[in-house]
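Worksheet for the structure shown next.
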Protein chains: 2
Amino acid sequence: MISGISLKELAAELNLAPSTVSRALNDSYEISEATKKKVISMAEKLNYHANPFARSLRENKSKTIAVIIPERINSFFAQVMDGIEEIAQEHGYHLLVYNTHEDTERERKIVNLLLNGRADAIVMSVTSQTSDISHLRKLHDRGLPIIFFDRIRAEIPTTKFITNDYESAYEGTKHLIKQGCKRIALFTLCKDLSISQERQRGYNDAIKSEGWELDPGLTLYCSHNEEINVKLIEEFLQSPDRPDGILSSVEKLAFATYHAVKRTKLRIPSDLKLISFSNSSIAGLLNPSLSTITQPALSIGNECAELLIKKLTKPLHYDLIDQVVTIPSKITIRESTLGE
Amino acid sequence: MISGISLKELAAELNLAPSTVSRALNDSYEISEATKKKVISMAEKLNYHANPFARSLRENKSKTIAVIIPERINSFFAQVMDGIEEIAQEHGYHLLVYNTHEDTERERKIVNLLLNGRADAIVMSVTSQTSDISHLRKLHDRGLPIIFFDRIRAEIPTTKFITNDYESAYEGTKHLIKQGCKRIALFTLCKDLSISQERQRGYNDAIKSEGWELDPGLTLYCSHNEEINVKLIEEFLQSPDRPDGILSSVEKLAFATYHAVKRTKLRIPSDLKLISFSNSSIAGLLNPSLSTITQPALSIGNECAELLIKKLTKPLHYDLIDQVVTIPSKITIRESTLGE
DNA sequence: ATAAAATGCGGAAACGATTTCGAAATTATG
DNA sequence: CATAATTTCGAAATCGTTTCCGCATTTTAT
């Protein structure tokens, strides 16, 4: 990389002091309009670009936000990313992106990497297996602004953005009941995750609201391995006390269910109704089309970034207070939960 | 952010010179094992983290690679990103990610932003509408290592990674013919894109290889707007000289076709066979399941990153020579192209 | 007319690391 | 034992900005 011209060289070319040029380019009130114009046009002409590292070093900020997600091939996280980037670009912020692949150890390493100040702040969704949060605590203790979304950790006192997991799961379950389901299963990933727990609560309360008894056997804990999940679900569906309705807490488990169903004699929605949390645009293309609970991914991304940037640019006026902000999901009924 | 301890302070704590401490931490041969140990343990104890900007400023490199993609909610690009990140993480590189949203103006802005050296190199896939490439040329002329993948620009003399677009399109078309199709259409996005042209060539040659005449009316140029595409495709399918086979150059046009078909009396594959370039894992879930040409996304990402990092770490031994590296796609036949 | 304030700019320090050059201290060599 | 060679470390320059302080000169206030 042929490094461009420096501020000092630009100043020399103009017969001005570097300090003056710097101030002119930063539109300081101390500099006359005449010199400002001269400086700016010469900077244009010589193709001057301020060195971001010199500036970061001096100002102790990087104009960079780190985003940590558990997986990339997931329409929800991709949409959140788009939402974050939209706001970040507006304010001249850059995005460092890290994918943990649902691996806690990887998450720990990445977080530790960010301890050196490479990013001004962090937006993250934790790994589903994260139990030890000392690495997150260390970040927060160091004063690095951090915001969680979706997969949050309540123990870290900061602002978190989620959707109305409880209500959505409750509504989804209620919908299945209304469509005639008697034995409703919940497919989920991990019992430790806050959102999983909330969705489970919503599911539980919906079941109990009917005066039915909760059957722990109807909650299926799946893995991150597609193959294994399909097999697991297939076995579940072949068992004598198979469910006749499923609330899937995660998009990919709904897909796995479609795969599993193909291997059985069961048909959706006649034998089995299915509704799932999902942000995939192709839900309507599946056969039958999939009823979904769609999370407000773009809004979540936008709000995360907006709050963070406010905090970064006006630290005295904004704070990442310890609260959970909820943005509601939208339920879309399609064929997969059609009643008789 | 409570800024951590600096090298100088660490040195003071150890009663050593900053230079010594720096060398010790960088495992220089000039420092005795004894002092190295002392320094390292004290660094651990005081939680020392080198300031990346000071280092970048001094060394004139950022350990950062910028990745520019036209869209994020796309399994192909997401997989490539994963492939790049995998290698980058191995070598301690960070990823700045930018989404152009298929907007040339946005691409231009982002590229110009990178002119200041924030990233050591760039991996990118251009916007489908990019015609003026002066911004890309400027990057390259400045000596910033840049690699293209998939959506490449031949005019910039550097290494590019693509799949065997011509052969895949040829094979895909041939497959449709073998399954009995007589009027085969090509759905594509943009005639300016190199990959579109290659795929068109493959399609053309396959048609001609049968001794058939090319019908320009059978190539459908679509937009980036889902709604419009569905309408366009629907009209096409309702027209008297509708096709009985479709080679879709882009995943989302295949999905749009499914949507459009739903609005007609046509059925896949009896009335209409469909095969598409796609990296989506749910191709097998569609009804009927979609025959696909799957690009080696992960490999492409891996190879981009590997070559780039070699070039960055050993600039004298590696060069981004002007060549196009081809990694073959894999065709998977499913129900959507089933013969009678 | 003189003091006070405002304007416009330059000099130099500072941010936190790496590295060149050189100087001690230690060990080896004749 | 004297000298050379090696090992181990320190002082200071450097990367490219921003900003604190200072100093003229001009404008405004008294």
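In what follows, every chain begins at residue 1, and chains take the letters A, B, ... in the order their sequences are listed.
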Item checked: Base D:dT17 to side chain A:R58, donor-acceptor N/O within 3.5 Å cut-off -> no
Margin query: For D:dT17 and A:Y48 - does any side-chain N or O of the residue sit under 4.0 Å from the phosphate oxygens OP1/OP2?
Written below: yes
Note to self: Checking contacts here: which listed nucleotide (C:dT18, D:dA11, D:dT19) is nearest the side-chain heavy atoms of B:A17?
What the structure shows: D:dA11
Check: Donor-acceptor pair, B:H91 side chain versus B:I87 backbone, under 3.5 Å?
Finding: yes
Note to self: Take a 6.0 Å sphere around NZ of B:K36 and say whether it holds more than 12 heavy atoms from other residues, nucleotides or ligands.
What the structure shows: yes
Check: Of the nucleotides C:dG8, D:dT18, D:dG10, which has the atom closest to the A:S32 side chain?
Finding: C:dG8
Check: From C:dA17, D:dA12, C:dA13, pick the nucleotide closest to the side chain of B:S19?
Finding: D:dA12
Margin query: Just the rounded figure in Å: distance from C1' of D:dA11 to CG of B:L7.
Written below: 14 Å
Note to self: Can you tell me which nucleotide in C:dC9, C:dC21, C:dA17 comes closest to the side chain of B:A50?
What the structure shows: C:dA17
Notebook entry, point to check: Between C:dG16 atom C1' and B:L25 atom CG, what is the distance in whole Å?
Noted result: 13 Å
Next item on the list: Measure from the side chain of B:S22, starting at C-beta and using heavy atoms only, and say which of C:dT18, C:dC9, D:dT17 lies closest.
Entry: C:dT18
Next item on the list: Please list all pairs passing the side chain to side chain donor-acceptor pair (under 3.5 Å) test where one or both residues lie in residues 48-57 of chain A, with sequence neighbours left out.
Entry: A:N47-A:H49
Next item on the list: Could you give me the CA-CA distance, side-chain angles and deciding distance for A:D322 and A:K160, then say whether salt bridge (charged side-chain N to carboxylate O under 4.0 Å, His left out) is met?
Entry: CA-CA 8 Å; A:D322 185 10; A:K160 298 118 185 166; 3.0 Å; yes
Item checked: side-chain N/O B:T35 vs D:dC9 OP1/OP2, d < 4.0 Å -> yes
Margin query: Nearest heavy atom decides the nucleotide; on that basis, is B:E59 or B:N15 closer to the 5' end of DNA chain D?
Written below: B:N15
Check: Among B:V325, B:L320, B:I152, which residue meets the side chain to side chain contact (heavy atoms under 4.5 Å, CB included) test with B:I147?
Finding: B:L320
Item checked: Among D:dT19, D:dC9, C:dG10, the one nearest B:I31 by side-chain distance -> D:dC9
Next item on the list: Go through C:dC9, D:dA11, C:dG16 for me and flag the one nearest to the B:R23 side chain.
Entry: D:dA11
Next item on the list: Look at the side chain of A:L16 and decide which nucleotide, out of D:dG16, C:dC9, D:dT17, has an atom nearest to it.
Entry: C:dC9
Notebook entry, point to check: Is there a donor and acceptor pair closer than 3.5 Å between the side chain of B:R55 and the base of C:dT18?
Noted result: no
Next item on the list: Find the distance A:N26:CG to D:dT19:P and express it as a whole number of Å.
Entry: 7 Å
